Engineer: 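Please see the structure below; I have some questions.
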Amino acid sequence: MSMGLGLPQARPSEGGTVCRGCSRWQWHPSWRDGQCAPCSPQAAYLQQAGLRTAVLEKRHVLGGAAVTEEIVPGFKFSRASYLLSLLRPQIYADLELQRHGLRVLPRDPYSFTPLLEDRSPPRSLLLGHDMAQTQQQIAQFSQKDAQAYPKYEAFMRRMVLALDPLLDAPPVDTAALGKGSLLQQLRNLQTLKPLLQAGLALGQQLPLYYEVLTAPISKILDHWFESEPLKATLATDAVIGAMASPHTPGSGYVLLHHVMGELEGRRGAWGYVAGGMGALSQAIAQAATARGAHIFAEKAVCHVLLGRAGEAQGVVLEDGTEVRSKLVLSNASPQITFLELIPQEQLPKDFVQRIRQLDTRSPVTKINVAVDRLPSFLAAPNARDGQPLPHHQCSIHLNCEGTQLLHQAFTEAAHGHPSSRPMIELCIPSVLDPGLAPPGCHVVSLFTQYTPSVLAGGRSWDEQARNAYADTVFDCIEDYAPGFKASVIGRDILTPPDLERIFGLPGGNIFHGGMSLDQLYFARPVPSYSGYRSPVPGLYLCGSGAHPGGGVMGAAGRNAAQVAIKDFRHL
């Protein structure tokens, strides 16, 4: 978890406080226990605005879940989050991340779905940015779908462009509407402008886009396409990280969340960070320190310091150190922030109840694997020299022959059983970034689901259960790529409880909470507190549990910093 603190630049006589742990001036705490820590850029923005800022990181490595760790000697893994697309373009520019070492490796093609079929060789579906080639691939399964695909892409792109501005500002403060003087009410109505502009941008097709947000993704895809491999491949982005089936209402928004990213000006593109995801966190940390912020690892926060009026006045570390500050920004989950770090009697009862009721179910088990050679798929065998082929750079989707397979995997987990044929997204970042592994070897990222947080009968994820599930995953990969199991040098298995214990992800949920419509925008994390402020004056939520939600995006940190800076100027 990381936390940031902020105070105006001041001499001791002006009210500054010295941190007993480091003898440096401290201020604005921004903690993180989740998707990305200094990958939440609030520290840089606060420091740039004139607030002396400290970031307090719980772990020994900066970045929350956006970290690079050498789990197997010689192999560097993006241990939790593993792909980049959603990071807001404004943050790239504002923090000059390229100047601070960030280098992104775009993927094209980007998606590969091999099939298990009684034919030699089995077919596969390869999707990339070349529309003509993508249509040729889809035409293997359906000429009709090949013709419809460009129209589908244009339809989704229009929706993304309309909703994209909503990510970069706090949600509309509905509580302020209708309050104050007539002039103030008119000013408050201006906050509705982004919503109105989004509606106008969608125009007469607004009802169709509303359906995308509310319907099961299976219904949306059935409208556009008929071939199951294409529908299942697209559906993975609608359920990834979510305890939801393609048949679950509202799963369409999660798909939208995964196509609204941008890399180097290309919409919907995803890429690997050179050096692993930790290199992104390091670039953001360097941007913050270059502006004067101080960042400290292995500084776990015990609780938030409160004043007599219940306002935040800093934090207390687990070693007893007090860090005084007028602003505290928490990148921890809402549950950790409000249920563990704040005395319950200091919060409204209804607020506490809503935080307790947040849906944090997670289907994800992440497995990091070190291998001594590239997997050779039956549908696309390796070249004789063993060099990477285009599909090796992709997100490789296994057990995705049809949406019904995804639904079956979900159903098993919903009853407390790890999926017997799990959905697997296999990535090999070392294909584009060979420095991650020794020569000839590779790192493999397996993002798998569905696995319940608690097994049937209340059983815990002990070592036997973890290895049994990993063996199931490896058996599935072996069906598609014989010889994979023999190539394995080492593996790191992270079940939902492991993701919670190591990275502070509640229930193992990579988004700090479900991305369902009842937990988005006005209602993230809970209604009436969606604008980053909390019931505790001076305490702000700036992580994935706040608007606009999860992903290595940085939007919540940037938005929260702007709100906190505005409030600070009125102190």
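A quick note: this is a predicted structure, and the numbers were derived from the prediction, not measured. Throughout, numbering of the chain's residues begins at 1 and tracks the sequence.
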Engineer: Are the side chains of Arg356 and Phe351 in touch, meaning some heavy atoms are under 4.5 Å apart?
Structural biologist: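 With C-beta onward as the side chain, the pair stays apart.
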Engineer: So which heavy atom on Cys427 is nearest to which on Tyr272, and how close?
Structural biologist: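 So the minimum-distance heavy-atom pair works out to CB-OH, 3.5 Å.
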Engineer: Would the distance check show the side chain of Gln357 and the main-chain N or O of Ile355 forming a donor-acceptor pair, the cut-off being under 3.5 Å?
Structural biologist: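 Not a single qualifying donor-acceptor pair exists.
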Engineer: Where is the tightest heavy-atom contact between Leu520 and Met515, given as atom of each residue plus distance?
Structural biologist: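 Heavy atoms only, the tightest pair is CD1-O, 3.4 Å.
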Engineer: Measuring from atom CG of Leu436 to atom OG1 of Thr68, what distance do you get when rounded to the nearest 0.5 angstrom?
Structural biologist: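 So the CG of Leu436 and the OG1 of Thr68 are separated by 7.5 Å.
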Engineer: Out of curiosity, Leu87 CG to Leu97 CG, how far, rounded to the nearest 0.5 Å?
Structural biologist: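 One finds 6.5 Å between CG of Leu87 and CG of Leu97.
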Engineer: Rounded to the nearest 0.5 Å, what's the gap from NE2 on His60 to CD on Glu298? Could you check?
Structural biologist: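 One finds 7.5 Å between NE2 of His60 and CD of Glu298.
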Engineer: Looking at Glu70 and Arg79, does any basic side-chain N land under 4.0 Å from a carboxylate oxygen?
Structural biologist: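 Salt bridge: no.
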Engineer: Do Gln344 and Gln346 have a side chain donor and acceptor closer than 3.5 Å?
Structural biologist: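 The criterion, which ignores hydrogens and geometry beyond distance, is not satisfied for Gln346 and Gln344.
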Engineer: What is the minimum heavy-atom distance between His547 and Leu167, and which atoms define it?
Structural biologist: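 Where His547 meets Leu167 most closely, the heavy atoms are NE2-CA, 4.1 Å.
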Engineer: CG of Leu358 to OG of Ser516: how many Å apart, nearest 0.5 Å?
Structural biologist: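 Nearest 0.5 Å value for the CG-OG distance: 9.5 Å.
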Engineer: My understanding is that only one of Pro363, Pro496, Ser419 makes a side-chain contact (heavy atoms from CB on, under 4.5 Å) with Thr451; could you say which?
Structural biologist: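 Output: one option passes, namely Pro496.
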Engineer: Take Thr248 and Met243 through the test side-chain contact (heavy atoms from CB on, under 4.5 Å) and record every step on the way to the result.
Structural biologist: CA-CA 9 Å; Thr248 301; Met243 186 58 88; over 6 Å; no
Engineer: Can you find a side-chain donor-acceptor pair between Gln519 and Arg524 that sits under 3.5 Å?
Structural biologist: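 No, no side-chain donor-acceptor pair sits under 3.5 Å.
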Engineer: What I'd like to find out is whether the side chain of Ile510 reaches to under 4.5 Å of the side chain of Phe447, using heavy atoms alone.
Structural biologist: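 In contact.
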Engineer: Do Lys326 and Asp567 sit within salt-bridge range, that is, some charged N less than 4.0 Å from a carboxylate O?
Structural biologist: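 Looking at Lys326 and Asp567, the cut-off is not met.
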Engineer: Assess whether atom CZ of Arg491 is packed by more than 12 heavy atoms of other residues, nucleotides or ligands within 6.0 Å.
Structural biologist: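 Atom CZ in Arg491 is packed in, count exceeds 12.
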Engineer: Examine Phe410 together with Tyr450 and report whether their ring centres are nearer than 6.0 Å.
Structural biologist: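 So the answer is yes for these two rings.
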Engineer: Please find the pair of heavy atoms, one from Pro506 and one from Gln335, that lie closest to each other, and give the distance.
Structural biologist: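 The answer is CG-OE1, 3.7 Å.
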Engineer: Quick one: does Gln286's side chain get under 4.5 Å of Glu96's, heavy atoms only?
Structural biologist: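 They are not in side-chain contact.
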Engineer: Taking Ala65's backbone N and O only, do any of them form a donor-acceptor pair with Ser81's side chain (distance below 3.5 Å, no angle check)?
Structural biologist: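 Present.
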Engineer: Check step by step if side-chain contact (heavy atoms from CB on, under 4.5 Å) holds for Leu102 and Tyr92.
Structural biologist: CA-CA 9 Å; Leu102 178 63; Tyr92 270 109; 3.4 Å; yes
Engineer: Once rounded to the nearest 0.5 Å, what's the spacing between atom CZ of Phe568 and atom OH of Tyr540?
Structural biologist: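 Taking CZ in Phe568 and OH in Tyr540, the distance rounds to 10.0 Å.
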Engineer: Pro525 and side-chain contact (heavy atoms from CB on, under 4.5 Å): which single residue from Ser544, Ser534, Pro334 fits?
Structural biologist: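 Looking at Ser544, Ser534, Pro334, the match for Pro525 under the side-chain contact (heavy atoms from CB on, under 4.5 Å) is Pro334.
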Engineer: Can you check side-chain contact (heavy atoms from CB on, under 4.5 Å) on Met277 and Glu69, steps first, answer last?
Structural biologist: CA-CA 9 Å; Met277 291 296 287; Glu69 296 190 63; over 6 Å; no
Engineer: Between Thr289 (side chain only) and Ala285 (backbone N and O only), is there a donor and an acceptor less than 3.5 Å apart?
Structural biologist: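 Between the backbone of Ala285 and the side chain of Thr289 there is a qualifying donor-acceptor contact (under 3.5 Å).
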Engineer: Side-chain contact, heavy-atom cut-off 4.5 Å: Leu306 with Val304?
Structural biologist: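 Side-chain contact under 4.5 Å: yes.
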Engineer: Is it the case that more than 12 heavy atoms not belonging to Gln98 sit under 6.0 Å from its CD atom?
Structural biologist: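 Open: at most 12 neighbouring heavy atoms sit under 6.0 Å from CD of Gln98.
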Engineer: Heavy atoms, side chains only, cut-off 4.5 Å: are Leu494 and Ile502 in contact?
Structural biologist: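 Leu494 vs Ile502: side chains touch.
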Engineer: Does any non-hydrogen side-chain atom of Arg533 lie less than 4.5 Å from one of Pro170?
Structural biologist: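 No. Closest side-chain heavy atoms not under 4.5 Å.
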Engineer: Are the side chain of Arg459 and the backbone of Ala456 linked by a donor-acceptor contact shorter than 3.5 Å?
Structural biologist: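 Side chain of Arg459 to backbone of Ala456: a pair is present.
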Engineer: Can you establish whether the number of heavy atoms outside Gln464 located under 6.0 Å from its atom CD is more than 12?
Structural biologist: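 Not more than 12 within 6.0 Å, no.
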Engineer: When rounded to the nearest 0.5 angstrom, what is the spacing between CD1 in Ile493 and CG in Asn368?
Structural biologist: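 The CD1 atom of Ile493 sits 10.0 Å away from the CG atom of Asn368.
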Engineer: Evaluate the side-chain contact (heavy atoms from CB on, under 4.5 Å) criterion for residues Val536 and Val328: first the C-alpha distance (whole Å), next the side-chain angles of each, then the deciding distance (0.1 Å), finally the verdict.
Structural biologist: CA-CA 10 Å; Val536 177; Val328 178; over 6 Å; no
Engineer: Mind checking what makes ring pair (Phe, Tyr, Trp, His ring centres under 6.0 Å) contact with Phe77, not counting sequence neighbours?
Structural biologist: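 If we apply the ring pair (Phe, Tyr, Trp, His ring centres under 6.0 Å) test to Phe77, skipping adjacent residues, there are no hits.
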Engineer: I'd like to know if Asp462 and Arg466 make a salt bridge, using a cut-off of under 4.0 Å between side-chain N and carboxylate O.
Structural biologist: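 No, no charged N to carboxylate O under 4.0 Å.
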Engineer: How close do Tyr45 and Ala561 get, heavy atom to heavy atom, and via which atoms?
Structural biologist: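 For Tyr45 and Ala561, the tightest heavy-atom pair comes out as CB-CB, 3.9 Å.
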Engineer: What are the two closest non-hydrogen atoms of Ala162 and Pro165, and how far apart are they?
Structural biologist: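 Looking at all heavy atoms of both residues, the closest pair is O-CD, 3.4 Å.
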Engineer: Got Leu339 and Val352 here, is their nearest side-chain heavy-atom distance under 4.5 Å?
Structural biologist: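 Yes - at least one pair of side-chain heavy atoms lies under 4.5 Å apart.
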Engineer: Is it true that the side chains of Tyr532 and Gln42 contain a donor and an acceptor less than 3.5 Å apart?
Structural biologist: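 Side-chain D/A pair, Tyr532 to Gln42: absent.
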Engineer: Just by modelled atom types, is the Leu161 backbone N or O under 3.5 Å from a matching donor or acceptor in the Asp164 side chain?
Structural biologist: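 Not confirmed, Asp164 side chain does not pair with Leu161 backbone.
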Engineer: Less than 4.5 Å apart, any side-chain heavy atom of Asp168 and any of Gln90?
Structural biologist: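 They are in contact (side-chain heavy atoms under 4.5 Å apart), so the answer is yes.
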Engineer: Taking Thr53 for its side chain and Ala293 for its backbone only, find out whether a donor-acceptor pair lies under 3.5 Å.
Structural biologist: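 Checking the backbone N and O of Ala293 against the side chain of Thr53, no donor-acceptor pair under 3.5 Å is found.
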Engineer: Taking only Lys NZ, Arg NE, NH1 and NH2, and the carboxylate oxygens of Asp or Glu, determine whether Asp492 and Lys366 approach each other closer than 4.0 Å.
Structural biologist: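 Salt bridge between Asp492 and Lys366, a charged N being under 4.0 Å from a carboxylate O: no.
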Engineer: Verify, without hydrogens or angle tests, whether Trp461 (side chain) and Pro452 (backbone) share a donor-acceptor contact under 3.5 angstrom.
Structural biologist: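 Yes, because the side chain of Trp461 sits within donor-acceptor range (under 3.5 Å) of the backbone of Pro452.
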